[in-house]
Amino acid sequence: MLEQDKHILLETGAFIHSAINEDLKGRLNELQTRFPPEPGGFLHIGSAKAVYINFEMAKIYGGKCNLRMDDTNPAKEELEFVHAIQDEIRWLGYDWGDRLFFASNYFEQFYGFAVRLIEKGLAFVCDLSADELRASFGGIDKAGVDSPYRERSIEENLDLFTRMRNGEFPDGSKTLRAKIDMASSNLNMRDPVIYRIARKTHSNTGDKWCIYPMYDFAHPLGDAIEGITHSLCGLEFVDHRPIYEWYVNNVGFEKKPRQIEFAEISVSNTVLGKRHLRKLIAEGKADGWDDPRLVTIMGMRRRGYPPSAIRDFLGNAGVSTAKNNTVEFAMLEHFVREHLAPISKVVMVVLNPLKVVIENFPDGETEMLSIDGRDVPFCREIYVEREDFMEEPVKKFFRLAPGKEVRLKGAYFVTCTGVEKDAQGNVTEIRCTYDPATKSGTGIEPPRKVKGTIHWVSAKHVVPLKAMLYDTLVVDTEDGEQAENPNSLVVMPDALGEPSIADAVLDDRFQFMRNGYFCLDSKSEGLVFNRIVSLKSSYKPQ
RNA sequence: UGGGCUGUCGCCAAGCGGUAAGGCACAGGACUUUGACUCCUGCAUUCGAAGGUUCAAAUCCUUCCAGCUCAGCCA
C-alpha cells in the first residue's frame, strides 16, 4: 500500500491523536509541533522517525512544524551540521518554510527566565565542582544531599549570576541550579543545573556568552517561546517530562506545550546511535557517514533508497509506547522495493559473466532486437550469468546445462551443446545453438515451452561497469549483541551491461533484471552502481 | 519496600466490555519471456501468568512474573 492511498499515521499512535484532540478542542489547525535536532551530528533513520511524526502530525491536522536547532552546547556543535541537517530533512520530503529557529537566538530570553527563577527563590548559584556535584547527587536508590550553597539569598544569587554572565568566574567553577528536591525519585528533579560556565565560541552567537543553558531548561522554554502545542519526542525523554513541565510552569507561561513520547525505532541488523556509528567509521569498518550500508540519512540516500519508501516504512512500522521494538530489516527492504518498482527501468546486466558462443549464428552479424522499447543488439557471442550455468544441474535448475534449453530474454531459445574448460577444469566458455523459430516478439508461439528465461548481453556491444552488492554491516546475534558481517560488501568489478546503461545518470533507478535494483554511486567516477536492494527470490538451490 | 515505561502470531501493530484488523516474514498454489511482479490460500480457540467481577474480559479489579530504562556542568 503506497503512502498516498491513506494516511497510515491516522491508524497508529492513538495516544498522540487523542491528546491532540483533547487539548486543541477542535481547533486542530492550531497544532504546532517541532523537530529539534542538536546540530552536532548527522541524522539517521531514528531521527527520521521524529522528523516524520512531527511533520506529518502537523500536516494531518493542518498545523505547523518548526525546525529548531537546539544549539545550546557549543562544545559539540558546528555550522556544518546545521546545513547538513536541513539538507537531510528536505531530502526526506519536509519543508519548514520560514519556520527555522535556533535555541541560541533565545539566549537573552533564557537568561531573563533564569533571573525570574532566582527572584522567585527557585534557583541558586552553586559553587560545587563537577565531581562534588556528582557525589552529592545520590543514586538510584539513595537520596542526594543539598548543596551547601542552596540557601544563598536572592540578592547574592542575583549578583553571582550576573557576574557569571560577565565572565568573572572560571569555566566550571559555578553553576546555576534549580531548587527542587534532592530526594526526588526522579533524578532529573534533583536540583538540576540550569546554566554552566564555558568559554566556547558558539557557531551562532560567537563569544557573546560564556554561560550556556542546559537542554532540560532551554528545550521546554524554547518550545514555550515558539508556541509549540505538542512536543513529540522519543521515549528517552519520559523521565524529563516533570522537569520540562516544572520550568514551563515556574517561568510562568500561560500556554503550556505538552510533551508526548513515542518509542524510538530500531531496525534489526543495523547500527544506530551516534557513538556506535562514530566508532564504525573511525575503525574504517564503514566508509564515512554516507556508507550505503548505514541507515544514516546520507547512507540511505547514497544507497538509492527513495525517501518516500522511508516515510512509508516509518508509518507502517507504527507509533507506540512499547519499548523493545526492533523492526526487521526485511520490512524496510519491502518498502524500498515497492517504491522502486514503478520508477525503475529494467535493463540487462551480467554481474559475473560467462561467455556463450552460439555456433549456428552467423559470425560477424548483429541482429537488433527490440526489448521493452529498447534496441538491444544480439550476436554470435554473448555473456550470461555464471550462476545461470551448471555442468551437472541439480534438480529444478531451470537454467543452462548441457543439453538443456532456455530462453534468452527478448531473443531466442538456446540449447547448450558443449563446454570449454581451462587446464584447471574451470568452465571458460559454453557452446550453444539457437532456434530461429523461437524469436521473441514475432507473435508466433514458440513450438515448445521452456522453463527458464535468463538475461544476457552481446559480447561485442558490452558496457563494462562495476557493481557494489551490499548487505548489512552487522548481524544481530542471539545474545542480543551484534556480529560483524564479513560479506557486507561484495564488489563485482567485471560486470557487463547492455548498451543503454551507458547513458545512466545519477537520479536514474534501474532494475538489473533478476539481480535487483541499482543506481549510480554518487561518490564514484564512471559506471559504478550500488545495489539498492536485491529482488526477492523463491529459488532455493539444491 | 527507588522511579518511570512496557508485555496481543517469528518481527512490527490494531483493539479501549460483545466474542483477535493489517503489514513484514514464512508456507502452499495460480500466472509468468525477470525462480521478480501480481493474484489466491494458509499462518494467535488466543492476548505475560494466576485468580476475581460479568450473560460476556485482550479489554475492568487483584496478585504475581518478565523485560527495558534513569545517577553529563550532553542533547
Side-chain angles (χ1 to χ4, degrees), chain A residues 1 8 11-12 14 36-38 40-41 70-73 75-77 103 126 128-131 133-134 137-144 171-177 183-190 192-198 211-212 214-216 218-219 235-242 261 263 265 267-268 274 313 315-335 337-338 341 346 348 371-372 396-399 406-411 413 438 440-441 446 449-455 511-516 534-540:
Chain A
M1 190 71 67
I8 189 79
E11 296 171 19
T12 186
E38 178 190 29
D70 260 347
D71 52 351
T72 54
N73 182 5
K76 292 194 173 178
E77 296 144 12
C126 179
L128 252 27
S129 71
D131 288 341
L133 202 173
R134 212 183 341 270
F137 216 73
I140 251 163
D141 42 20
K142 198 175 101 201
D171 286 8
S173 61
K174 285 180 169 34
T175 55
L176 180 72
R177 295 222 267 155
S184 173
S185 54
N186 184 329
L187 275 9
N188 299 118
M189 298 298 271
R190 318 248 262 227
V193 173
I194 300 176
Y195 267 93
R196 76 281 218 179
I197 305 172
I211 56 172
Y212 291 98
M214 297 290 290
Y215 166 86
D216 273 334
H219 184 75
L235 233 34
E236 54 174 320
F237 294 107
V238 234
D239 288 342
H240 296 250
R241 198 189 323 138
E261 310 84 10
I265 195 165
V267 182
S268 68
K274 234 178 272 180
F313 163 70
N316 279 86
V319 179
S320 78
T321 53
K323 184 63 187 174
N324 303 319
N325 51 358
T326 300
V327 182
E328 288 174 347
F329 193 75
M331 183 161 162
L332 210 205
E333 291 195 308
H334 164 81
F335 287 99
R337 286 191 194 98
E338 189 172 58
V346 180
M348 294 195 288
I371 305 178
D372 301 330
K396 293 200 174 174
F397 184 76
F398 306 142
R399 310 176 190 181
V406 297
R407 184 202 311 269
L408 296 177
K409 169 73 182 180
F413 284 15
T438 57
S440 166
K449 284 206 188 277
V450 89
K451 197 79 169 154
T453 297
I454 65 175
H455 58 102
Q511 185 199 122
F512 289 0
M513 189 180 299
R514 303 205 302 136
N515 273 321
S534 63
L535 253 27
K536 282 184 62 169
S537 171
S538 59
Y539 171 60
K540 292 171 199 69

Give [X] one of three labels, base, sugar-phosphate or nothing, depending on what nucleic acid heavy atoms sit under 4.0 Å from its own.
{"X": "A:Met214", "value": "sugar-phosphate"}
{"X": "A:Thr72", "value": "sugar-phosphate"}
{"X": "A:Glu261", "value": "nothing"}
{"X": "A:Tyr212", "value": "nothing"}
{"X": "A:Gly40", "value": "nothing"}
{"X": "A:Leu128", "value": "base"}

Starting at [atom1] of [X] and ending at [atom2] of [N], how long is that distance when rounded to a whole Å?
{"X": "A:Tyr539", "N": "B:G28", "atom1": "OH", "atom2": "P", "value": "16 Å"}
{"X": "A:Asp141", "N": "B:G3", "atom1": "CG", "atom2": "P", "value": "10 Å"}
{"X": "A:Leu133", "N": "B:C73", "atom1": "CG", "atom2": "C1'", "value": "7 Å"}
{"X": "A:Leu235", "N": "B:A75", "atom1": "CG", "atom2": "C1'", "value": "16 Å"}
{"X": "A:Arg399", "N": "B:A36", "atom1": "CZ", "atom2": "P", "value": "11 Å"}
{"X": "A:Lys449", "N": "B:G35", "atom1": "NZ", "atom2": "P", "value": "15 Å"}
{"X": "A:Phe398", "N": "B:U34", "atom1": "CZ", "atom2": "P", "value": "14 Å"}
{"X": "A:Phe329", "N": "B:C26", "atom1": "CZ", "atom2": "P", "value": "15 Å"}

Quick one: does [X]'s side chain have a donor or acceptor within less than 3.5 Å of a partner on [Y]'s backbone?
{"X": "A:Glu338", "Y": "A:His334", "result": "no"}
{"X": "A:Arg190", "Y": "A:Ser184", "result": "yes"}
{"X": "A:Lys540", "Y": "A:Ser538", "result": "yes"}
{"X": "A:Thr12", "Y": "A:Gly318", "result": "no"}

Counting Watson-Crick and G-U wobble pairs only, both distances under 3.5 Å, name the nucleotide matched with [N], or none.
{"N": "B:C64", "value": "B:G48"}
{"N": "B:C26", "value": "B:G42"}
{"N": "B:U53", "value": "none"}
{"N": "B:A13", "value": "none"}
{"N": "B:U34", "value": "none"}

OP1 or OP2 of [N] less than 4.0 angstrom from a side-chain nitrogen or oxygen of [X], does that happen here?
{"X": "A:Ser538", "N": "B:A36", "value": "yes"}
{"X": "A:Thr453", "N": "B:U32", "value": "no"}
{"X": "A:Asn325", "N": "B:A13", "value": "yes"}
{"X": "A:Thr321", "N": "B:U6", "value": "yes"}
{"X": "A:Arg514", "N": "B:U33", "value": "no"}
{"X": "A:Arg196", "N": "B:A75", "value": "yes"}

Who are the side chain to side chain donor-acceptor pair (under 3.5 Å) partners of [X], not counting sequence neighbours?
{"X": "A:Asp171", "value": "A:Arg199"}
{"X": "A:Arg337", "value": "none"}
{"X": "A:Thr326", "value": "A:Ser266"}
{"X": "A:Asp216", "value": "A:His240"}

Test side-chain contact (heavy atoms from CB on, under 4.5 Å) applied to [X] - qualifying residues, sequence neighbours left out:
{"X": "A:Tyr215", "result": "A:Asp70, A:His219, A:Phe237"}
{"X": "A:Asp141", "result": "none"}
{"X": "A:Thr72", "result": "A:Ala103, A:Phe107, A:Pro213, A:Ala218"}
{"X": "A:Val327", "result": "A:Ile265, A:Phe313, A:Ala317, A:Met331"}

How does each nucleotide of nucleotides 14-24 of chain B score, in 5' to 3' order, for protein heavy atoms under 4.0 Å: base (B), sugar-phosphate only (S), or none (-)?
S--------BS
Walk along nucleotides 64-71 of chain B from 5' to 3' and tag each nucleotide B, S or - by protein heavy-atom contact under 4.0 Å, base first, then sugar-phosphate.
---SS-BB
Could you measure between the two [atom1] atoms, the one in [N] and the one in [M], and give it in whole Å?
{"N": "B:C43", "M": "B:A27", "atom1": "C1'", "value": "8 Å"}
{"N": "B:U45", "M": "B:A20", "atom1": "C1'", "value": "10 Å"}
{"N": "B:G17", "M": "B:C55", "atom1": "C1'", "value": "12 Å"}
{"N": "B:G23", "M": "B:A14", "atom1": "C1'", "value": "11 Å"}
{"N": "B:U6", "M": "B:A13", "atom1": "C1'", "value": "14 Å"}
{"N": "B:U41", "M": "B:U33", "atom1": "P", "value": "24 Å"}
{"N": "B:C12", "M": "B:U53", "atom1": "P", "value": "35 Å"}
{"N": "B:C47", "M": "B:U59", "atom1": "P", "value": "9 Å"}

Identify, with sequence neighbours excluded, every residue that meets ring-ring contact (aromatic ring centres under 6.0 Å, His included) alongside A:Phe512.
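Here the qualifying residues are A:Phe518, A:Phe529.
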Charged N-O contact under 4.0 Å between A:Glu261 and A:Arg241
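Yes, this pair counts.
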Is the base of B:G17 syn or anti, if syn means a glycosidic angle within 90° of 0?
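What B:G17 shows is an anti base, its glycosidic angle lying more than 90° from 0.
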Cationic tip of A:Arg177 within the cone over A:Tyr195's six-membered ring, i.e. under 6.0 Å and within 45° of the normal?
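Because its charged atom misses either the 6.0 Å distance or the 45° angle limit, A:Arg177 does not stack over A:Tyr195.
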Position toward the 5' end of RNA chain B (nearest nucleotide), A:Asp131 or A:Lys409
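That would be A:Lys409.
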Name the residue closer to the 5' end of RNA chain B, choosing between A:Leu408 and A:Ala130 according to the nucleotide with the nearest heavy atom.
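Upstream on the strand: A:Leu408.
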Taking N or O atoms only and anything under 3.5 Å, show me the protein contacts with nucleotides 40-44 of chain B, one pair per line.
none

